[in-house]
2 protein chains.
Amino acid sequence: MRMSDGVEWAAHCCVVLAVVPPDRALPAARLAEYHGVPAAYLAKHLQALARAGLVETTKGPRGGYRLSRPASEITMLDVVEAIEGDEPAFRCTEIRRRGPSAAPAREYRTKCAIHVAMNRADDAWRRELSNTTIADLLRQVGRDASPKALAKGAVWLQEVLA
Amino acid sequence: MRMSDGVEWAAHCCVVLAVVPPDRALPAARLAEYHGVPAAYLAKHLQALARAGLVETTKGPRGGYRLSRPASEITMLDVVEAIEGDEPAFRCTEIRRRGPSAAPAREYRTKCAIHVAMNRADDAWRRELSNTTIADLLRQVGRDASPKALAKGAVWLQEVLA
DNA sequence: GTCCCTATACTCGGATAGCAAGTGTCCGAGTATAGGCGG
DNA sequence: CCGCCTATACTCGGACACTTGCTATCCGAGTATAGGGAC
């Protein structure tokens, strides 16, 4: 059960987009350059963010991606579900209904106990993810990163948006 | 991010093994028959349970699998980690250290904020899974299943163990 | 009748193909911009 | 000098190969059992 690398990329991109002025946008190629990842592949994931409504796009010169709502209203869960889909990792195939001890369908009125336990864990996971917003991440990065690195990032952004 | 079907199979097998007398064992072929799944493939996952120390094996006639400790001391997390491995689904590749705003390694003293958030969610997921034991599942199945289905299962088990 | 031995059949275990999903890439559709032209 | 028009170049978006890991299977190694034979 491995999560796509795209989730990490998308989350970092959202943090960067959070510091872009609302009337400007950042092309996929620039975001890829900033993170040192393949531009073509990152574009694929950014499209997923766009489909999920997390980012807006503008075509043509000075176009690119921008957050479609405040960073404080975009959660990690939104990003993960945009990339990975919103289906639970565990899929119950109802194997209890097969084999020699199977019964008619109408006798299975309650959900499989294993299914229930898995869903509980999945809910806890999603609940925890929804407690962190892009704004939280940005704040944390501001605290964690060295002043030098922050300055370099700011300079880069200024040049790109110029 | 899809979990292996083997997790579902392994969990169901553990529940069945929980009702097998401690001095008896159940072959993989019987477990497969009971659940209506491919025997050869199920065997692979049972081997994973054995490697993780959740079940013990006996070779030869009247051999098979049995739980290596009481069902109340085997959690869903044990089963999931036996099949899927104990590595978190999210793997941080430290892309923050790449690109134009990268800094020397010594400046990254704290963990990536996104990494931390993902770990929090992963911990919550695992904590929830570890709150359910095989004994809990067995109890729940006893409550949920129809008396008829339970009887059929009991008869099948008696015949197999005879 | 009892004990021992051997052959048997049954079990797990790891090594081996097949397939689906994620990974990575490319080119076409659409649009804001910049420059040139006419008024 | 100002406004309009056109050509340009830049952007996203979906369609196309490739690789990794899950799915599925098989055959060999090891052992408890059952039966037969000797005492």
Side-chain angles (χ1 to χ4, degrees), chain A residues 1-10 13 17 20 23-33 35-66 68 80 82-85 87 89-91 93 95 160-162, chain B residues 1-10 13 17 20 23-33 35-52 54-66 68 80 83-85 87 89-91 93 95 160-162:
Chain A
M1 194 180 53
R2 212 166 114 268
M3 186 178 292
S4 167
D5 292 341
V7 172
E8 183 185 11
W9 301 2
C13 285
L17 289 178
V20 171
D23 57 337
R24 297 301 306 274
L26 221 50
R30 295 290 154 273
L31 284 167
E33 170 191 332
H35 293 112
V37 298
Y41 189 29
L42 177 62
K44 190 183 185 67
H45 294 303
L46 290 174
Q47 286 169 28
L49 292 182
R51 267 193 298 272
L54 301 186
V55 300
E56 290 173 343
T57 64
T58 308
K59 288 187 176 181
R62 296 172 72 87
Y65 292 92
R66 101 188 76 241
S68 63
V80 170
I83 304 296
E84 292 281 337
E87 293 177 11
F90 178 83
R91 296 172 308 124
T93 62
I95 65 173
V160 167
L161 289 180
Chain B
M1 196 180 50
R2 212 169 114 268
M3 186 178 294
S4 166
D5 292 342
V7 171
E8 181 186 12
W9 301 3
C13 285
L17 289 177
V20 172
D23 58 337
R24 298 301 306 274
L26 221 50
R30 295 291 154 272
L31 284 168
E33 170 192 334
H35 293 112
V37 299
Y41 189 30
L42 176 63
K44 190 184 186 67
H45 294 303
L46 291 173
Q47 286 169 29
L49 292 182
R51 268 194 295 273
L54 301 186
V55 299
E56 290 173 341
T57 64
T58 308
K59 287 188 176 180
R62 297 172 71 86
Y65 293 91
R66 101 189 74 239
S68 63
V80 170
I83 304 297
E84 292 282 337
E87 293 176 11
F90 178 83
R91 296 172 308 124
T93 61
I95 64 175
V160 166
L161 291 180

Starting from the C-alpha separation in whole Å, work towards a yes-or-no answer on side chain to side chain contact (heavy atoms under 4.5 Å, CB included) for Cys13(B) and His45(B). CA-CA 10 Å; Cys13(B) 285; His45(B) 294 303; over 6 Å; no
Can you tell me how far P of dA32(C) sits from CG of Asp23(A), to the nearest Å? 15 Å
Length of the line joining Glu8(B):CD and dC22(D):C1', which is rounded to integer Å: 16 Å
Check the phosphate of dC12(D) against Gln47(A), side-chain N and O only, distance under 4.0 Å to OP1 or OP2. Yes or no? no
Spacing of Leu31(B) atom CG relative to dC10(C) atom P, expressed in whole Å: 18 Å
Protein-proximity profile, nucleotides 15-24 of chain C, B/S/- by nucleotide at the 4.0 Å heavy-atom cutoff, equals B-------BB
Check Asp5(A) against Arg91(B) and note the closest heavy-atom contact, atom names and distance. OD1-NH2, 3.2 Å
Distance in angstrom units between Ile83(B) CD1 and dA24(D) P, rounded: 14 Å
Rounded interatomic separation in angstrom, taking CZ from Arg30(A) and P from dT11(D): 6 Å
When the distance from NZ of Lys59(A) to P of dT31(C) is rounded to whole Å, what number comes out? 6 Å
Least distance between heavy atoms, Ala29(B) atom then Ala39(B) atom: CA-CB, 4.4 Å
Leu42(A) atom CG is separated from dT25(C) atom P, nearest whole Å, by 12 Å
Name the closest nucleotide to the Pro61(A) side chain, picking from dG13(D), dT31(C), dT11(C). dT31(C)
Please walk me through it: do Met1(A) and Glu87(B) pass side chain to side chain contact (heavy atoms under 4.5 Å, CB included)? CA-CA 9 Å; Met1(A) 194 180 53; Glu87(B) 293 176 11; over 6 Å; no
Tell me, do Thr57(B) and Leu46(B) make a side-chain contact under 4.5 Å, heavy atoms counted? no
Side chain proximity check, Arg66(A) to Val20(A), heavy atoms < 4.5 angstrom: no
Proximal nucleotide (of dC12(D), dC12(C), dA32(C)) relative to the Ala28(B) side chain: dC12(C)
Of Leu46(A) and Arg62(A), the one whose nearest nucleotide on DNA chain D sits closer to the 5' end is Arg62(A)
Can you tell me if the side-chain N/O atoms of Thr58(B) get under 4.0 Å from OP1 or OP2 in dT31(D)? no
Counting N and O atoms only, with roles assigned by atom type, does the side chain of Arg24(A) sit under 3.5 Å from a partner on the main chain of Leu161(A), one being a donor and the other an acceptor? yes
Length of the line joining Leu49(B):CG and dG14(C):P, which is rounded to integer Å: 13 Å
